[in-house]
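Here is the structure we will look at, set down as structure tokens.
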Amino acid sequence: VGHLCRFLRGSGRGLLPPLRWTLVTSHQNGRRERKRQRLIWHWPFQHIDFKMKKSDSTKSLLIKSEQLLRIEDHDFAIRPGFGGAAIPVGIDVQVESIDSISEVNMDFTMTLYLRHYWQDDRLAFPSSNNKSRTFDARLVKKIWVPDVFFVHSKRSFIHDTTMENIMLRVYPDGNILYSVRITVTALCSMDFSRFPLDTQNCSLELESYAYNENDLMLYWKNGNDSLRTDEILLSQFFIEEFNPSFGLAFYSSTGWYNRLYINFLLRRHIFFFMLQTYFPTMLMVMLSWVSFWIDRRAVPARVSLGITTVLTMSTIITGVSASMPQVSYVKAVDIYLWASFLFVFLSVIEYAAVNYFTTIEEMKKHKGGTVPTTFNTAEAMAFDGCFHDNDIDLQPFPDISGPNASDQPTSHHNSAQSPASEGTWLHRKRSVRKNLDFIMSNSYMIDSYSRALFPLAYLLFNIIYWSMYS
């Protein structure tokens, strides 16, 4: 009894949970008292478990979501207001990122949040506090939603980590917000005539697949403010403009459809191509000019330099072509590369002409007779690229004071009687031959003129090129 009194005083001061007085009378003190103590120790905790189970919010809802929205009472295979006017569906897009832009495939990949707004009176429900209810993809499959698709899309998918990124929000008056996170790869018709100094205009097009303009009307929910973008940074492009637009599309078998456009203008960064294409090309052209300062008789040095620059230019052209689509028109980078390749090729041809005229000049120096036996053939071959045989006889030109010299006045008299036009033609022919003889006898002047003409011509080409395309 003493222990029981102390126990009751402790419960009264709040040291123990309140007791239930269910079994308080006892006729057999020993056995009944022990049973009563067991009830006192365990009964308050059972009472607490009952309180916790009663606070579960899901069990407090008397009606399930399907019953509240009366999903089983309607046929959601048909659109709202079937048989009446077209149902308006507002669209709101937030672009999360532009993942990639491919020139080879002529497409782009974009991740965005696509939101639909419409009203379906069949989903209206009573609410005392006028609060909306939010659901995930499990309920979306049971109701009608707009069948919007992306025109000219190659691949697209809805993100599903960790669950499908779909949100459905239903308001008491039947207004619905349906949001989905999508990544889509779509076609972009690009014009590379000014590549890499180009700008590209791409667009993502949205349209209803089954419902034409008589059944469904697509429109931008908030006008130009319906398209929002996060801060997007691209490696090769700068986004100059993002704007929505609206249009109609006609199909001969099904009619007119509302179509929404997400337009964006891309301007390419030139610095990457300056480092990878233009600067190396300029250096190769300038390197080909070094041969103009090398001795004309140093055949191995000048030939190896010319061949090296030609092969390097071929490698650059091949690398650029491999990263571009096979288009049937000439691109701006092609004009620059092939013009630079022409300058390099002409520098090789220039040395071929110099070497040829030098060889002719050397042969004229020894036209008086047989080449001396002390003439070093190895040195001759190393200098002018031609093999000189020690036994070759170089016959001199016939002397004009020979036996036929007496016929010279007669020939002169006959030529004097020839027409004036023929004399003018002979004079021009002698003038051209005289100039060629002068160049052949002074082949070193070709290198001298090339040192100035090649750089000036290439500088003029660059001025015209960059003024046209920049």
Side-chain angles (χ1 to χ4, degrees), residues 93-112 150-156 183-205 224 227-245 261-285 312-343 458-470:
V93 173
Q94 180 174 350
V95 180
E96 181 181 357
S97 64
I98 298 179
D99 303 321
S100 64
I101 299 175
S102 175
E103 291 86 358
V104 177
N105 299 324
M106 286 193 181
D107 58 25
F108 65 92
T109 301
M110 178 186 293
T111 300
L112 52 90
F150 298 98
V151 185
H152 306 308
S153 65
K154 298 181 179 180
R155 295 173 301 275
S156 60
T183 293
V184 56
T185 300
L187 176 67
C188 179
S189 298
M190 301 182 182
D191 182 16
F192 297 106
S193 59
R194 300 178 62 89
F195 176 88
L197 304 168
D198 58 335
T199 57
Q200 302 296 339
N201 191 2
C202 299
S203 63
L204 185 63
E205 305 173 9
N224 292 332
L227 180 61
R228 294 184 293 272
T229 61
D230 297 335
E231 185 178 358
I232 301 175
L233 298 177
L234 301 177
S235 59
Q236 293 190 20
F237 291 93
F238 173 75
I239 302 177
E240 289 188 342
E241 186 180 352
F242 244 120
N243 65 289
S245 61
Y261 300 87
I262 302 174
N263 305 308
F264 53 98
L265 187 63
L266 302 174
R267 179 170 55 85
R268 194 182 305 272
H269 294 300
I270 187 60
F271 188 70
F272 171 79
F273 296 93
M274 292 295 295
L275 292 178
Q276 298 295 324
T277 304
Y278 286 98
F279 285 160
T281 302
M282 294 178 184
L283 292 178
M284 287 300 104
V285 175
T312 304
M313 285 299 305
S314 301
T315 303
I316 295 175
I317 294 175
T318 303
V320 173
S321 301
S323 61
M324 294 296 300
Q326 305 300 320
V327 295
S328 59
Y329 50 85
V330 179
K331 302 180 290 293
V333 67
D334 295 335
I335 297 176
Y336 193 89
L337 290 177
W338 283 104
S340 301
F341 182 83
L342 180 61
F343 276 92
Y458 194 66
L459 178 62
L460 179 62
F461 164 72
N462 276 273
I463 293 174
I464 297 175
Y465 178 86
W466 293 108
S467 61
M468 288 179 57
Y469 290 103
S470 62

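The structure presented is a predicted model; accordingly, all values stated were derived computationally and were not measured.
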**Study point:** Plane angle bin for F273 and F195 - parallel if under 30°, tilted between 30 and 60°, otherwise perpendicular
**Key:** perpendicular
Check your understanding: Can you find a side-chain donor-acceptor pair between D198 and Y469 that sits under 3.5 Å?
Key -> no
Exercise for review: Taking the side chain as every heavy atom from C-beta outward, state whether N462 and Y458 have any atom pair closer than 4.5 Å.
Suggested key: yes
Review point. What are the two closest heavy atoms between M468 and R194, and how far apart are they?
Key: O-NH2, 3.5 Å
Exercise for review: Calculate, to the nearest 0.5 Å, the distance between atoms NZ and CG belonging to K331 and L197 respectively.
Suggested key: 13.0 Å
Check your understanding: Out of curiosity, M106 CE to C202 SG, how far, rounded to the nearest 0.5 Å?
Key -> 10.5 Å
Point to revise | For D99 against S97, the heavy-atom pair lying closest together | key: OD1-OG, 2.8 Å
Study note, to complete from the structure: Between M274 and P280 the two heavy atoms that sit nearest each other are O-CD, 4.0 Å
Practice item. Locate the shortest heavy-atom distance separating V184 from S153; write the atom from each residue and the value. Key: CG2-CB, 3.8 Å
Practice item. Run the numbers on E96 and L112 for side chain to side chain contact (heavy atoms under 4.5 Å, CB included), then give the verdict. Key: CA-CA 5 Å; E96 181 181 357; L112 52 90; 5.9 Å; no
Practice item. Taking side chain to side chain donor-acceptor pair (under 3.5 Å) as the test, write out the residues that go with N224, two or more places apart. Key: none
Practice item. Would you indicate whether the side-chain heavy atoms of Q94 and D230 approach each other to under 4.5 Å? Key: yes
Review point. So which heavy atom on P196 is nearest to which on R268, and how close?
Key: O-CD, 3.5 Å
Exercise for review: Would you check, one step at a time, whether the test side chain to side chain contact (heavy atoms under 4.5 Å, CB included) holds for F264 with M110?
Suggested key: CA-CA 12 Å; F264 53 98; M110 178 186 293; 3.6 Å; yes
Check your understanding: Is there a side chain to side chain contact (heavy atoms under 4.5 Å, CB included) between M190 and I101 once you walk through the steps?
Key -> CA-CA 11 Å; M190 301 182 182; I101 299 175; 3.6 Å; yes
Check your understanding: Is the Y336 ring parallel, tilted or perpendicular to the F461 ring (thresholds 30°, 60°)?
Key -> tilted
Exercise for review: Give, for atom OG of S203 and atom CG of N243, the distance between the pair rounded to the nearest 0.5 Å.
Suggested key: 10.0 Å
Check your understanding: What distance do M313 atom CE and S340 atom OG have between them, rounded to the nearest 0.5 Å?
Key -> 5.0 Å
Practice item. State the CG-CZ distance between L234 and R267, to the nearest 0.5 angstrom. Key: 12.0 Å
Point to revise | Pairwise distance NE2(H152) to OG1(T185) - rounded to 0.5 angstrom | key: 15.0 Å
Check your understanding: Can you tell if the side chain of L204 reaches within under 4.5 Å of the side chain of F108, non-hydrogen atoms only?
Key -> yes
Practice item. State whether the number of non-hydrogen atoms from other residues, nucleotides or ligands found under 6.0 Å of Y329 atom OH is greater than 12. Key: yes
Revision key, fill the gap. M284 and I316 have their tightest heavy-atom pair at CG-CD1, 4.5 Å
Practice item. Please test F242 against R228 for side chain to side chain contact (heavy atoms under 4.5 Å, CB included), starting from the C-alpha separation and ending with a verdict. Key: CA-CA 9 Å; F242 244 120; R228 294 184 293 272; over 6 Å; no
Point to revise | Any I98 side-chain heavy atom under 4.5 Å of I239 side chain | key: yes
Exercise for review: Quick one: sort the Y278 and W466 rings into parallel, tilted or perpendicular, breaks at 30° and 60°.
Suggested key: tilted
**Study point:** Polar side chain donor-acceptor pair, N201 to E241, under 3.5 angstrom
**Key:** no
